[in-house]
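These notes concern the structure reproduced below.
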Number of protein chains: 2
Amino acid sequence: MTTIADVAKRAGVSPVTVSRVINSASNVNPATRDKVERAIRELHYVPNSAARSLRSKRTNAIALLVPDITNPFWTTVARGVEDAAQSGGYSILLCNTDEDPTKQLHYLDVVISRRVDGVIIAPYSADARKLKRLREREIPTVVVDRRIQGWEVDTVIGDSISGARALVKHLIDLGHQRIAVLSGPLNTSSAEDRVTGYTIALTEAGIPIDRRMIRRGEFKTSSGETLTNQLLDEGLRPTAIFATNNSIALGVVDAVDQRGLRIPQDIALVSFDDIPHLSHVFPFLTVAVQPAYEMGIKAAQLLLSRLNGEQDSQPCQIVLPTCLIVRYSCGGKPDDINLPFRKDILPEKKVPVQPLSLEERRELLRRIPGLKLPAYC
Amino acid sequence: MTTIADVAKRAGVSPVTVSRVINSASNVNPATRDKVERAIRELHYVPNSAARSLRSKRTNAIALLVPDITNPFWTTVARGVEDAAQSGGYSILLCNTDEDPTKQLHYLDVVISRRVDGVIIAPYSADARKLKRLREREIPTVVVDRRIQGWEVDTVIGDSISGARALVKHLIDLGHQRIAVLSGPLNTSSAEDRVTGYTIALTEAGIPIDRRMIRRGEFKTSSGETLTNQLLDEGLRPTAIFATNNSIALGVVDAVDQRGLRIPQDIALVSFDDIPHLSHVFPFLTVAVQPAYEMGIKAAQLLLSRLNGEQDSQPCQIVLPTCLIVRYSCGGKPDDINLPFRKDILPEKKVPVQPLSLEERRELLRRIPGLKLPAYC
DNA sequence: TTGTAAGCGTTATCAT
DNA sequence: ATGATAACGCTTACAA
């Protein structure tokens, strides 16, 4: 395989000069540059990045650790990351962690072994100790979609609290009083923030919190199904369910379907995160959406700016606004529509979600004793 | 950062011995191994893979080049690839080409520069010359989803011809005679094979081919929309449309919707490739599906077996069977169902697709003069 | 502007 | 079973 020495020989210069051309150093004579570039072309020379990395201590690669690329939310985030990374000259190492501690740990070792320049991660836990390896080695890191406790690290998240609050408020406005929430893992901030938003909305409406209506599982369809079954088996008779992510929502649909119940006639359903192509063909599910693509772009841009030292040294937290998309799944629409759907019959309404105001925040902290409101909202 | 020399010193052995331990060489004294492993743990040593790669000429990485990870088909393939690669100790370099020649070329350079051990690619064109760089450098390659002309290379594809034939036959059985097909790029075998399947089904039913009913665009929603509009504007009055991929199908839905027409009452729709979560909530679209996850797994396994030299030297072509999933979108169901859907009201039927038999093949070649049937079916 | 020399951290090769 | 030595292909530091 052609090396830099071959090119140098052909161009009649030293390897260093070729290196300078490759790295677009300024101090190269244009004529020399031409010679070298011709030699590179003629020999189809492509530098060996292992060798470059070994010497330069940079890999021009970043790792992306997400729970599951198969979830359309993560797919979209990944695409954003890839686009931004690519245009900055970085490659992406893709890692699915499945929210699995062992897998995440394994991948952190891969990340360290490969000496990637930076990491974008949606960690399975808010516990900073799980990311010790990254921190110890001072690998530039951006956490996405979730907040971390115990480590001031760059973070890009959606405003889950306000989104959830808006979603539940919407249900309440439609007359629902018995609303259940199906949350994800306890130590995952996005799951918890959505429960917080739920609590806020109920409190603001003067509806007492029934702890039995708050369920926690995993961000998985199977979990949504199980939790729904438990909920309905216990005879709590919720009139609406808030699924804290799209996978859980699908599980709710399944469980409700199996019981011969109907959405929204028998039970309403809202969800955090959309199911992209579904809305396209069947504008059904009322959801709070985060700008997933932008989240990916922003995370990558933030990381790259760190790598280039363009950023001030303070870790930052970027909070992206959410939108409420009101569709059919909580009722309020005729239920005798012919198949298939036309968007003029099943219109959808997209509304930006307002974050909590300072007064609302203060008021809430007063009214709800145990409430922990993260700084971001 | 800790190096192999640090570990060696601590364990009181030479770096080579540490290397042997890392690489689980057999000829290491168990006691020595223990000492080394302890030292590794104590120092939190993780080998530098750039250095390893430079010396060993292996990167333990493979590149995955797909059109767009955002398309659920590719998402699923990617997940399969990642799972298989991970369990073989390989990392994945993710590259979205957007079916764009420039992007693909760019990524081929990245691939070469990074000296990945192998490549899994869905190339934007069947022209082998576009992959010259891979071939010249003898980078082990598996082509997925598409056939390549002019290069005998490992390939994993779905049986597009039989799938398309089954899909169109289904339409014909329901009484459709004026069926349009919206295909993808001319030089993409999956697109062309699906048109071939279409042609076969019509011919077998004795329906003459109307060239105006065959449209070609891109595998994009916008393209599906445009093509549908053109088709309908020209007054060809198709009673059914066959979209050759899921993105195109979504464009058809849009266009039909905008005209105030309904699927399937006014026009039927079938598609190649499912839209995963859609079917979950709204079992609507009749489709031919390929086992996308298995395609990813198979492609990665094939590649890894090449890398490990476990395979005979012949390039091979793996053809995965397709299934027909019959749902609502071509009619034959009541159209006065209340929202939302219950799967017992909108049942779906999944049928394995039979490949063309030898006799059928022979018969077809006789009846259709210009027909080019690829070897795989 | 260009070149020389050294070294990045590992493993292949050969020797013991 | 273990070690010494060199080399992988490049870039940094310094010199000219």
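These numbers come from the heavy atoms of this one structure, side chains and all, not from hydrogens, waters or symmetry mates. By convention in this document, chain letters (A, B, ...) are assigned in the order of the sequence lines, proteins followed by strands, and residues within each chain are numbered from 1. Bear in mind the structure is a predicted one, so any value in this text is a computation, not a measurement.
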Considering only heavy side-chain atoms of A/Val16, the closest of C/dT1, D/dC10, C/dG3 is C/dG3

Respond yes when some side-chain nitrogen or oxygen of B/Asn23 is under 4.0 Å from OP1 or OP2 of C/dT11, and no when none is. yes

Closest of C/dC8, D/dT2, C/dT11 to the A/Arg55 side chain is C/dC8

Side-chain contact check for B/Thr3: nearest option of D/dC10, C/dG9, C/dT2 is C/dG9

### Query
Would a 4.5 Å heavy-atom cut-off, applied to side chains only, mark A/Arg79 and B/Asp68 as touching?
yes

side-chain N/O B/Ser14 vs D/dG3 OP1/OP2, d < 4.0 Å
yes

When B/Val28 and B/Leu54 are each assigned the nearest nucleotide of DNA chain D, the 5'-most assignment goes to B/Val28

It should be established whether B/Ser19 places a side-chain nitrogen or oxygen under 4.0 Å from OP1 or OP2 of nucleotide C/dT10.
no

### Message
I want to check one thing: is the phosphate of D/dT2, taken as OP1 and OP2, less than 4.0 Å away from some side-chain N or O of B/Thr17?
### Response
no

Exercise. Contact class for A/Asn27 (heavy atom, under 4.0 Å): base, sugar-phosphate, or nothing?
Worked result: base

Open item on the list: Does a side-chain N or O of A/Thr32 approach OP1 or OP2 of C/dT2 to a distance below 4.0 Å, or not?
Closed with: yes

| N or O in side chain of B/Lys57 less than 4.0 angstrom from D/dG9 OP1/OP2 | yes

